[in-house]
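Here the structure comes first, spelled out in structure tokens, and everything after it is commentary.
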Amino acid sequence: MAETEKAPNGSTPTEEQIPMKPTGGDGDAGVEDKPANGATPADDAGSEVIVLRREIGLWGCVSIVVGIMIGSGIFISPKGILANTGTVGMALLVWVLCGVMSLLGALCFAELGTTFPKSGGEFAFILEAFGPMLSFLRLWANIISIGTGTIAVLAITFAQYCLAPFFGSCSNIPPSAIRLIAVAILFVIFYLNSVSVSWTTRLQVILTIAKCVGLIIIILTGVVLLFKGETQHLENGFAGAENTDPTTVPLAFYAGLFAYSGWQMLPQVTEEIQNPSRNLPLGVIISMAIVTAIYVTVNVAYFTVISPQELLNSEAVAVTFAERMYGPMMWIIPVAVALSCAGSINGSLLSDSRMTFVAAREGHFPMLLSMIHVEKRTPMPAILLMLPICIVLLMSDNVYSLINYLSFAKWLYLGLAVCVLPYMRWKRPDIERPFTVPLVVPILFILLCLYVVIVSLYSAPVDCGIGCAIIFTGVPFYFFGIWWENKPQWLQKKINAVTLFGQKLMCVVHQEKKTY
């Protein structure tokens, strides 16, 4: 597509002024001419230039990561971990090791995010090193399942726990009521993300504090019981560990890693972080420390009240804990679960929409998705793209299966993204790296990802095969949208007409200043 000049700020573009052909995707684009990593809000927010403003500070970074990571997993995953380890001691060890594994990956992403200060996260890193095909398929998987499916499941869980106090339990709630509430929370969060980055960040901070308060209540209850000597379920925690089936241990790690999922999201909003060279690595380190400490201590608290067998029989461990300890105040825990899910939805949407925005800016998606609202300074088209997909998925009974099919691909792409780190140290040793990790860190994380993927292929080859097939459905779209550059004039006019209509409808224009 021939490069043309953008419309001036606030003006209505003509058909001839539709999308510029962006640069990037050749392995070197996006590295040169970048602003200093210490960029401040004054670079963008103080002018009338239409860009995504740097409005996310350190605690905004922490709230995004913690808010995404602490979803429903900590309230559900203990059951899956204990069932596949067999002992309390092994279960707690898996929680700690999952935290360490996630920290290794988070440190690698912190270096990549400060080395390539471009939003987009995994997509941007893979594009820089390995080209457009692999990066597009990562984006495709995120759009059709990994990102949108996770948001849909979180919305369903939010609705279940909001309605549970009125119906007695989640199993008694009519499916239509669950879907109605799920759609309602999606509309609220998508609207807020579309109109204000600052208010989206404030909401994330509030929800993160609220969910942490709920978990701290559980932790303090456990501490009191420990001082009272309620340690019968924690004594001899490794007794019988020798009988644990080693083939089920990876499934325990799956459950734990699901609960820790989200640490990789922060580099997807790098261009909106104030002083990213400092706040990005510091934000992920603080976040991982907070989440790991909360997860391990919450699980210890569970075992001060609930026996291993009772935990395995529980539908929701935290609710069972609340029923035993809080009596008429047990509603606190369902509310905490619902707030946790809302925070994860908000943070996931904030970060995933930026991946779509950057992909469109690089020419991987329609250029309308790379445009910014002229007044709100939000990537409104990229945000709204995900709404109908999320609604379709939450209306489907197969959304959980779809996520399971692609769970191995998530770890495959995380490992591939971290491969960029040693590859770029070899290929481009001269790039400025404000934050670095020892080379052993990415190597260990890559090996761990390979382990998870290989075990997945061994234990569930059919599911992994279906997941691969789903991902490869994006190949025709890649060849049509990216590889086929010289499209017929009539087709290009149709594309331009749709883009122009979308610009007028949403009042969006191209980014007017390079922010990376």
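- Of all the heavy atoms in Val205 and Ser63, the pair that sits closest is CG2-OG, 3.4 Å.
- Put simply, the side chain of Pro308 does not reach to within 4.5 Å of the side chain of Leu312, judged on heavy atoms.
- Here the CG-CD1 distance, from Leu186 to Ile181, works out to 11.5 Å after rounding to the nearest 0.5 Å.
- Put simply, OG1 on Thr297 and CD1 on Ile219 are 3.0 Å apart, with the number rounded to the nearest 0.5 Å.
- Counting non-hydrogen atoms of other residues, nucleotides and ligands closer than 6.0 Å to CD of Glu375 gives a total of 12 or fewer.
- The only member of Arg377, Lys118, Arg361 that meets salt bridge (charged side-chain N to carboxylate O under 4.0 Å, His left out) when paired with Glu271 is Arg361.
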With ring pair (Phe, Tyr, Trp, His ring centres under 6.0 Å) as the test, would you mind laying out the steps for Phe123 and His364 before giving the verdict?
CA-CA 10 Å; Phe123 170 85; His364 283 57; 5.1 Å; yes
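- A salt bridge does not link Glu55 to Arg202: none of the charged nitrogens lies less than 4.0 Å from a carboxylate oxygen.
- Contact of the Val475 side chain with the Phe136 side chain is not registered, since no non-hydrogen atoms from C-beta on lie closer than 4.5 Å.
- Between the OG1 atom of Thr148 and the CG atom of Asp352 there is a distance of 8.5 Å, given to the nearest 0.5 Å.
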Less than 3.5 Å apart, which donor and acceptor atoms pair up between the side chains of residues 386-393 and the rest of the protein, not counting sequence neighbours?
none

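- The salt bridge (charged side-chain N to carboxylate O under 4.0 Å, His left out) pairs that include a residue from residues 142-161 number zero, where partners must be two or more places apart or lie in different chains.
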Can I get a per-line list of side-chain donor-acceptor pairs under 3.5 Å for residues 409-417, giving both atom names and the distance, sequence neighbours left out?
| unit_1 | atom_1 | unit_2 | atom_2 | d |
| --- | --- | --- | --- | --- |
| Lys410 | NZ | Ser261 | OG | 2.3 |
| Tyr413 | OH | Leu134 | O | 3.3 |
| Tyr413 | OH | Arg138 | N | 3.4 |

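- The shortest heavy-atom contact between Pro381 and Val508 is CD-CG1, 3.9 Å.
- A distance of 10.0 Å separates OH of Tyr260 from CD1 of Ile70, quoted to the nearest 0.5 Å.
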Show every donor-acceptor pair shorter than 3.5 Å between a side-chain atom in residues 339-349 and any protein atom, with sequence neighbours excluded, or say none if there are none.
| unit_1 | atom_1 | unit_2 | atom_2 | d |
| --- | --- | --- | --- | --- |
| Ser340 | OG | Ala336 | O | 2.8 |
| Ser344 | OG | Gly67 | O | 3.0 |
| Ser344 | OG | Ile68 | O | 3.0 |
| Ser344 | OG | Ser340 | O | 3.2 |
| Asn346 | OD1 | Asn193 | ND2 | 3.0 |
| Asn346 | ND2 | Thr200 | O | 3.2 |
| Asn346 | ND2 | Gln204 | OE1 | 2.8 |
| Ser348 | OG | Ser344 | O | 2.7 |

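- Phe357 and Pro379 make their closest contact through CD1-CB, 3.7 Å (heavy atoms, listed as atom of the first residue, atom of the second, distance).
- Looking only at distances, a side-chain donor or acceptor of Gln264 sits under 3.5 Å from a matching main-chain atom of Gly262.
- Within the structure, salt bridge (charged side-chain N to carboxylate O under 4.0 Å, His left out) contacts touching residues 298-310 (residues at least two apart or in different chains) are Glu310-Arg324.
- Remark: of the listed residues Leu97, Val452, Asn84, Leu97 is the sole one forming a side chain to side chain contact (heavy atoms under 4.5 Å, CB included) with Phe253.
- When the ring-ring contact (aromatic ring centres under 6.0 Å, His included) test is applied to Phe109, the partners found at least two apart in sequence or on another chain are Phe125, Trp263.
- At least one side-chain heavy atom of Val62 sits under 4.5 Å from a side-chain heavy atom of Trp59.
- Inspection of the Trp140 and Thr473 side chains reveals an N or O donor paired with an N or O acceptor under 3.5 Å.
- Closest approach of Ile333 and Ala322 over heavy atoms only: CG1-CB, 3.3 Å.
- The nearest pair of heavy atoms linking Ala182 to Ala155 is CB-O, 3.5 Å.
- To the nearest 0.5 Å, the span separating CD1 on Ile470 from OG on Ser145 amounts to 6.5 Å.
- For Arg54 (side chain) and Thr270 (main-chain N/O), a donor-acceptor pair under 3.5 Å exists by modelled atom type.
- Using modelled atom types, no side-chain atom of Thr292 and backbone atom of Ala289 make a donor-acceptor pair closer than 3.5 Å.
- Within the model, atoms CD of Gln268 and CD1 of Ile64 stand 10.5 Å from one another, a figure rounded to the nearest 0.5 Å.
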Decide yes or no on side chain to side chain contact (heavy atoms under 4.5 Å, CB included) for Met265 and Val65, but give the supporting numbers first.
CA-CA 7 Å; Met265 295 293 201; Val65 179; over 6 Å; no
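- Contact of the Met288 side chain with the Ser102 side chain is registered, since non-hydrogen atoms from C-beta on lie closer than 4.5 Å.
- Judged by distance alone, with hydrogens and angles left aside, the side-chain atoms of Thr304 form a donor-acceptor pair with the main-chain N or O of Ala301 at under 3.5 Å.
- Looking at every heavy atom in both residues, Ile218 comes nearest to Ala318 through CD1-CB, 4.4 Å.
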